[in-house]
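First the proteins, then the strands, lettered A, B, ... as listed; each starts at 1.
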2 protein chains.
Amino acid sequence: MSHHVGEDIRSLRKSRGMTLLELAGDVGRSVGWLSQVERGQTTPSVRDLGQISDRLGVNISFFFRSASRAPEERGLVLRAADRTPIGSQESGLVEELLSPTLSGSFEMIKSTFAPRSSSGGRRKARPKEDGGVLISGRLTLIIGDREIRLEPGDSFQFRETDYAWRNDGDEPAIAIWIVSPPIY
Amino acid sequence: MSHHVGEDIRSLRKSRGMTLLELAGDVGRSVGWLSQVERGQTTPSVRDLGQISDRLGVNISFFFRSASRAPEERGLVLRAADRTPIGSQESGLVEELLSPTLSGSFEMIKSTFAPRSSSGGRRKARPKEDGGVLISGRLTLIIGDREIRLEPGDSFQFRETDYAWRNDGDEPAIAIWIVSPPIY
DNA sequence: AAATTGAAATTTTTAATTGAAATTTCATTC
DNA sequence: GAATGAAATTTCAATTAAAAATTTCAATTT
């Protein structure tokens, strides 16, 4: 009874705007069953969970990121060693989830921007608010019509949905990035 | 016309749950006047602003933290050099606002916990959500009945309103702390 | 004349309804 | 026991109404 993959499934499903009906249909199970899985009343088979994770676009290992930790701290802390890459198919950008749970009102992400790289086009996105602090390296943000060059220690926050980034430097740029509401 | 102290005043007032009527009364001015000040249609005198900042519990210099920066980046970026201590009368804890504006849906704070110090009693607080990443040092969080020892790189997130902290180490603990909704 | 007030006009917020959609429950089937 | 499917329940989004808060601006004060 220790693993509540259900809570993660629910958050991922919601952040993607899917209903029980849709996800259950996609993985070939009933709405009632998925409801029970999400609430921890039924344990899905590994095969079921594999289908679910495929459909939600995460690796199945994501559900077990804190598996080796004491149950009391699961969902409350995420240890540095347990962070997993998530999302972001963009080359040049590696995102690791810092939030121990997906069900909060905001999400914390460690973003690493490769040297000499930049985001592709602009982002299409739901209305959300972004913010962050540059920890190391250099990073240029293009927000609206403004171009902002960040140095370590600088912080930022904005609601523009279309923005882009660029790392002109020779070293990776590392930022703590905050998104609200959650995107994963 | 460059300084919009009004926006900060409005955010601080709201985060403290005050109405125009209350704050205006406390500083001996009319509601209409304060409304104009907050919307940048009237500039308060330095004396008025002093009274307002006293009542809101910030140093008057807070309103001018980004004064030397280009207007385009004000409210969007906060440069490392412009950070000011804010809030937290607690000894052992220094909080610096990272958010460039107070009007977002969350607030980013750099918290420095002195060696061998701890929070006094529990916190009384409005419902909010806290999260963060420990950047350096060691920090113990007491959340509900759980005691969590954090190492650098560990991240956390919770909604419990009563929590406490303790730094048993010999060096300061530095964390990036996120609060939603804003408290300042 | 510029700053400030105060009261009327307007906007925002809160609470209560309601119908639709989504979710939960649980007796039945596989 | 695992899973389904339909009935029961809950949640969500859209309305509406009343109260509270804010804005506006003509009048007053400095």
Side-chain angles (χ1 to χ4, degrees), chain A residues 1-56 60 63 101-105 126-128 159 180-182, chain B residues 1-56 60 63 102-105 126-128 159 180-183:
Chain A
M1 184 57 57
S2 60
H3 279 109
H4 272 231
V5 299
E7 203 181 315
D8 282 340
I9 294 172
R10 173 151 294 184
S11 296
L12 288 167
R13 174 175 64 78
K14 295 243 175 193
S15 74
R16 284 151 178 69
M18 299 176 75
T19 64
L20 287 171
L21 189 66
E22 285 184 83
L23 182 56
D26 288 352
V27 303
R29 284 281 173 277
S30 71
V31 165
W33 175 85
L34 183 54
S35 168
Q36 292 177 339
V37 167
E38 290 190 342
R39 285 171 304 122
Q41 299 189 357
T42 290
T43 303
S45 70
V46 171
R47 185 160 197 293
D48 287 329
L49 187 59
Q51 297 223 37
I52 291 169
S53 52
D54 282 352
R55 184 61 188 80
L56 294 173
I60 194 170
F63 295 111
T101 170
L102 301 177
S103 50
S105 66
R126 266 163 307 139
K128 63 181 173 42
R159 282 177 197 272
S180 174
Chain B
M1 184 54 57
S2 60
H3 278 108
H4 273 230
V5 299
E7 203 181 317
D8 283 340
I9 293 172
R10 172 151 294 183
S11 296
L12 288 166
R13 175 174 64 78
K14 296 246 174 191
S15 74
R16 284 153 179 70
M18 300 175 74
T19 63
L20 286 171
L21 189 66
E22 285 184 83
L23 182 57
D26 288 352
V27 303
R29 282 281 175 276
S30 70
V31 165
W33 176 84
L34 184 54
S35 168
Q36 291 177 339
V37 167
E38 290 190 344
R39 286 172 301 124
Q41 300 191 353
T42 291
T43 303
S45 70
V46 172
R47 187 162 195 291
D48 288 328
L49 187 59
Q51 296 223 39
I52 291 170
S53 51
D54 283 352
R55 183 62 189 79
L56 294 174
I60 193 171
F63 295 111
L102 300 176
S103 50
S105 67
R126 265 161 308 136
K128 62 181 172 47
R159 282 175 196 274
S180 173
I183 54 176

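Taking the side chain of A:S35 as heavy atoms from C-beta on, and the options D:dA21, D:dT23, C:dT24, the nearest nucleotide is C:dT24. Each of C:dT4, C:dT23, C:dT25 was ranked by its minimum atom distance to the side chain of B:W33; first place goes to C:dT4. Side-chain proximity of A:T42 to C:dT5, C:dA22, D:dA3: nearest is D:dA3.
Regarding A:L34, its CG atom lies at a distance of 12 Å from the C1' atom of C:dT24, rounded to whole Å. What separates CD of A:E22 from C1' of C:dT23 is a distance of 14 Å, to the nearest Å. If you take CG of A:L20 and P of D:dT11, they are 13 Å apart, rounded to a whole angstrom. The nearest whole Å value for the distance from the CD atom in A:Q36 to the C1' atom in C:dT25 is 8 Å. With rounding to whole Å, B:M18 atom CE is found 16 Å from D:dA20 atom C1'. Rounding to whole angstrom units, CZ of residue A:R29 and P of C:dC30 are separated by 15 Å. With rounding to whole Å, B:D48 atom CG is found 12 Å from C:dA3 atom P. Summarising the geometry, the separation between CZ on A:R47 and C1' on D:dA3 is reported as 15 Å, rounded to the nearest angstrom.
For the side-chain contact (heavy atoms from CB on, under 4.5 Å) test with B:L34, the passing option among B:L21, B:T19, B:L23 is B:L23; the others fail.
Residue-level contact check: B:Q41 touches the backbone only, with heavy atoms under 4.0 Å from sugar-phosphate atoms and none from bases. If you check every strand for non-hydrogen atoms under 4.0 Å, A:E38 touches nothing.
Among all heavy-atom pairs drawn from A:S103 and A:E7, the shortest one is OG-OE2, 3.2 Å.
Rounding to the nearest 0.5 Å places CD of B:Q36 at 11.0 Å from CG of B:L20.
A close approach under 4.0 Å does occur between a side-chain nitrogen or oxygen of A:R39 and OP1 or OP2 of C:dT25.
Near DNA chain D, defined here as any heavy-atom distance below 4.0 Å, the residues from residues 8-17 of chain B are B:R10, B:R13, B:K14, listed numerically.
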Audit row: B:V37, B:L49, side-chain contact (heavy atoms from CB on, under 4.5 Å) steps and yes/no: CA-CA 10 Å; B:V37 167; B:L49 187 59; over 6 Å; no
side-chain contact (heavy atoms from CB on, under 4.5 Å) between B:Q51 and B:D26, intermediate numbers included: CA-CA 9 Å; B:Q51 296 223 39; B:D26 288 352; over 6 Å; no
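At distances below 3.5 Å, not a single donor-acceptor pair connects side-chain atoms of B:E38 with backbone N or O atoms of B:S35. Without hydrogens or angle criteria, B:S11 side chain to B:D8 main chain gives no donor-acceptor distance under 3.5 Å.
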